[in-house]
Number of protein chains: 2
Amino acid sequence: MSGQSVGVVESQRAHFDQPLHLRSGGVLPAYDLVYETYGTLNAAKSNAILVCHALSGHHHVAGHYADQPDNIGWWDNIVGPGRPLDTDRFFIVGLNNLGGCHGSTGPSTLNPATGKPWGADFPIVAVNDWVHAQARLADRLGIDSWAAVMGGSLGGMQALRWSITFPQRVRNAIVIAAAPKLSAQNIAFNDVARQAILTDPDFHGGNYYEHNTRPVRGLRLARMLGHITYLSDDQMGEKFGRELRNSSFAFDFDVEFEVESYLRYQGDKFAGYFDANTYLLMTKALDYFDPSREDNGNLTATMARTRANFLIVSFATDWRFSPARSKEIVAALLANGRNVSYADINLNFGHDSFLMEDAHYHGVVGAFLRNIKP
Amino acid sequence: MSGQSVGVVESQRAHFDQPLHLRSGGVLPAYDLVYETYGTLNAAKSNAILVCHALSGHHHVAGHYADQPDNIGWWDNIVGPGRPLDTDRFFIVGLNNLGGCHGSTGPSTLNPATGKPWGADFPIVAVNDWVHAQARLADRLGIDSWAAVMGGSLGGMQALRWSITFPQRVRNAIVIAAAPKLSAQNIAFNDVARQAILTDPDFHGGNYYEHNTRPVRGLRLARMLGHITYLSDDQMGEKFGRELRNSSFAFDFDVEFEVESYLRYQGDKFAGYFDANTYLLMTKALDYFDPSREDNGNLTATMARTRANFLIVSFATDWRFSPARSKEIVAALLANGRNVSYADINLNFGHDSFLMEDAHYHGVVGAFLRNIKP
């Protein structure tokens, strides 16, 4: 891996008292955002990059905590001195989005009005709500405009939304493994995952915290299903094939094939720490995301509102948000004469490719960022 | 639709006292098979076609019952006078496989040894077990060799297995929308479906009959997930797009998009009548299916044992068992110099295409069968 890690990092917390009016019609009277920063904000406050997280991500993007050396940020491989998000040049900000389960205000945090966890009362949050909450964090940090806003998957959708909602505050947008909106099949997978959680008897209408239980079964199924869509068919075949856990068939419902072992392990691990209500909210944010809706479905009209330079990245083996979906964004930008670079990277990790270390992929992102004058 | 329906039909039941030794090592001491026949068996008993069913199918292939005019067979559109499976020429046999839930011996029927439903004690059944059970039904009917054995999806796998296990008893095999074995991704989807059922608190280790309940939630999820894999992405997009159930977003977890409504409806309907243990068994039969395993994975060596003429059919939009999987079968047959016809049909219904009425598709099947001399 080129460059170095940022090393020891610390999380910070910002409290916001000003009510946030949400796309759903709801209002958050006050909220906390947990965030981390890496590198140094320059005097002009012009070198800041916002990294937005995807479905299961959070504020801990890079480095590790002094007392948790193994707790390494989810995108550590791209952030640090000499890495594409070069902390010798840039000031990187990562945060946990509203509705999350890693410290920011969400369903599992206390609702001041009741003194109990928000649970089912936590409002549905949309990508644009996150962008507005992130803008207030930028205000707090004195950042008028971001050198870049970036992310993969749902994170890429936030970068796209930033460029539309606050065109004057985004000089560059890096949109990776994303789509301008979900397809019917995308929504269908999300709904099966949600139904697994919602129909788990331990869900208790979203107020499971009060019942000292968690809808572990439903969340586990949701994650198993998600994982199938994150990996490519080819990669699964190469990684697992039809390899048996044991040397011969047991002819029962325990694990027979390695792929079952892998999926169940992933499901168990995730269900052990992630909050089911947050999972529901994140998938709904995905479903609702469709900036072109404000322009009767005309994405070109929507992208006319942007001012940023764009880097759009897709992965050839991503069947969740295929390259064709990224090209829709590219086409709408080109139709408006925007500066847009596009790379389709031939990596074999499906949708998850965006998290991987790869010389070509990181080379493209690094080159784009090197050309930015903070 | 060309031709006519077979009209009023009746189911029959055959009891078998001879123990059936199963691939899993288990034994069924005795069993019943429920079946239907259409057309007339000729004097030489040489005009019989066996139609094998897929995951959720059964013996009621065509026609309707006198007292249930709306209960039409699942493949009625292809069977009848003047239809591709022409009952003026052929004697068609459909049966419910062992482990099924439509009358043949299965988890929900009584285990004579206990007087209670088999439940979890019902043994795992493999495709080759079905083929052996079907062979005994052929014996009972006096059919030495089938003019054709055919089916779609898991039904096509039975036709393939017939041609390998009993080469002298299959003159023609029609293998539609099938694969020589499941991929890691196929198995992964099956395992998520099974885990949904197995972890449903109402599953009671498979003995839910005794608890007067059924694992409806798990079965519903399994079917919802299955449906996504049966349809093509494009078809889902054309059929549902991002159309809303209501005119604006409700911002809750009820149905927002039409595709959610469709999937939940399909899940509810299926969970209302199908047996969860049968669903588990059918998916396991799919996972275990791999005739080439007997030849160390060399499918060409396996297909050398066949003697039938083959028609292999795939569908361009089928991503569950893609055309590439059918071509593996074709290649193994060609390598052995077998007579094989192959058609890839451009239908937009994904895996479910095999159930659809289409002039080109039915024309291919009809032409193949017209060339058979009973």
Side-chain angles (χ1 to χ4, degrees), chain A residues 22-26 123-124 126 181-185 187-192 194-196 198-202 206 217-218 220-221 224-225 227-228 231-233 236-243 249 251-253 255-260 262-264 267 280 284 287-288 290 293 297 319 322, chain B residues 22-26 123-124 126 181-185 187-192 194-196 198-202 206 217-218 220-221 224-225 227-228 231-233 236-243 249 251-253 255-260 262-264 267 280 284 287-288 290 293 297 319 322:
Chain A
L22 304 169
R23 171 74 178 82
S24 63
I124 298 253
K181 61 187 174 191
L182 262 58
S183 70
Q185 191 190 64
I187 293 171
F189 276 121
N190 279 348
D191 198 48
V192 177
R194 281 193 296 267
Q195 289 294 309
L198 294 165
T199 63
D200 186 325
D202 287 332
R217 288 172 298 233
R220 174 176 177 268
L221 290 170
M224 289 177 72
L225 176 54
H227 254 281
I228 301 178
L231 306 181
S232 75
D233 191 8
M236 269 196 152
E238 286 173 23
K239 192 168 179 178
F240 306 110
R242 293 176 55 87
E243 273 173 51
F249 291 138
F251 291 106
D252 60 26
F253 296 111
V255 166
E256 287 278 26
F257 298 96
E258 285 294 351
V259 66
E260 298 172 301
Y262 172 81
L263 277 187
R264 295 186 198 180
L280 294 175
K284 287 300 267 188
D287 287 7
Y288 289 127
D290 178 10
R293 200 173 146 82
W319 63 279
S322 72
Chain B
L22 304 170
R23 170 77 180 81
S24 64
I124 297 255
K181 61 186 174 192
L182 263 59
S183 69
Q185 191 190 66
I187 294 171
F189 277 121
N190 278 348
D191 198 49
V192 177
R194 281 192 297 267
Q195 289 294 310
L198 292 165
T199 63
D200 186 325
D202 287 332
R217 287 172 298 233
R220 173 176 178 269
L221 289 170
M224 288 177 73
L225 176 53
H227 254 281
I228 301 178
L231 306 182
S232 75
D233 191 9
M236 269 196 153
E238 285 172 23
K239 192 167 177 179
F240 306 110
R242 294 176 53 88
E243 271 173 53
F249 291 138
F251 291 107
D252 59 29
F253 296 111
V255 165
E256 286 278 28
F257 297 96
E258 284 294 349
V259 67
E260 297 172 301
Y262 172 80
L263 277 187
R264 295 186 198 181
L280 294 175
K284 287 300 268 188
D287 286 8
Y288 289 127
D290 178 11
R293 199 175 147 80
W319 63 279
S322 71

Query - Distance under 6.0 Å and angle within 45° of ring axis: B:R293 vs A:F249 - result: yes
**Report entry** B:Y288 six-ring centre to A:R242 NZ/CZ under 6.0 Å and within 45° of normal
**Finding:** no
Report task. Evaluate the side-chain contact (heavy atoms from CB on, under 4.5 Å) criterion for residues B:L231 and A:Q185: first the C-alpha distance (whole Å), next the side-chain angles of each, then the deciding distance (0.1 Å), finally the verdict. Result -> CA-CA 9 Å; B:L231 306 182; A:Q185 191 190 64; over 6 Å; no
Heavy-atom pair count under 4.5 Å with chain A, highest-scoring of [options]:
{"options": "B:L22, B:D202, B:L182", "answer": "B:L182"}
{"options": "B:G25, B:G241, B:S183", "answer": "B:G241"}
{"options": "B:M224, B:E260, B:R220", "answer": "B:E260"}

Report task. Determine yes or no for a side-chain-to-main-chain donor-acceptor pair under 3.5 angstrom, with A:K284 supplying the side chain and B:D252 the backbone. Result -> yes
Requested in this report: Taking all non-hydrogen atoms of both residues into account, name the closest pair between B:F240 and A:A184 and its distance.
Outcome: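 Closest approach of B:F240 to A:A184: CB-CB, 4.3 Å.
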Requested in this report: Select one option (side chain, backbone, both, neither) describing which atoms of B:D287 are under 4.5 Å from chain A's heavy atoms.
Outcome: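 Both parts, backbone and side chain.
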**Report entry** Part of B:L225 lying under 4.5 Å from any heavy atom of chain A
**Finding:**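 Its backbone and side chain both get close to chain A.
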Given the options [options], which has more heavy-atom pairs under 4.5 Å with chain B than any of the others?
{"options": "A:L198, A:N190, A:D200", "answer": "A:L198"}
{"options": "A:A126, A:G237, A:P201", "answer": "A:P201"}
{"options": "A:E256, A:R194, A:R264, A:K181", "answer": "A:R264"}

Query - B:R217 and A:Q195: CA distance, side-chain angles, deciding distance, side chain to side chain donor-acceptor pair (under 3.5 Å) verdict - result: CA-CA 9 Å; B:R217 287 172 298 233; A:Q195 289 294 309; over 6 Å; no
Requested in this report: Identify, with sequence neighbours excluded, every residue that meets ring-ring contact (aromatic ring centres under 6.0 Å, His included) alongside A:F253.
Outcome: none
Query raised in the report: Under the side-chain contact (heavy atoms from CB on, under 4.5 Å) test, which residues partner A:A188, sequence neighbours left out?
Result: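 side-chain contact (heavy atoms from CB on, under 4.5 Å) list for A:A188, sorted by chain: B:I228, B:M236, B:V259, B:L263.
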Query raised in the report: Considering only heavy atoms, which portion of A:R23 lies under 4.5 Å from any heavy atom of chain B: side chain, backbone, both, or neither?
Result: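 Both parts, heavy atoms under 4.5 Å.
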Query raised in the report: So which part of A:L221 gets closer than 4.5 Å to some heavy atom of chain B, the side chain, the backbone, both or neither?
Result: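 Interface part for A:L221: both.
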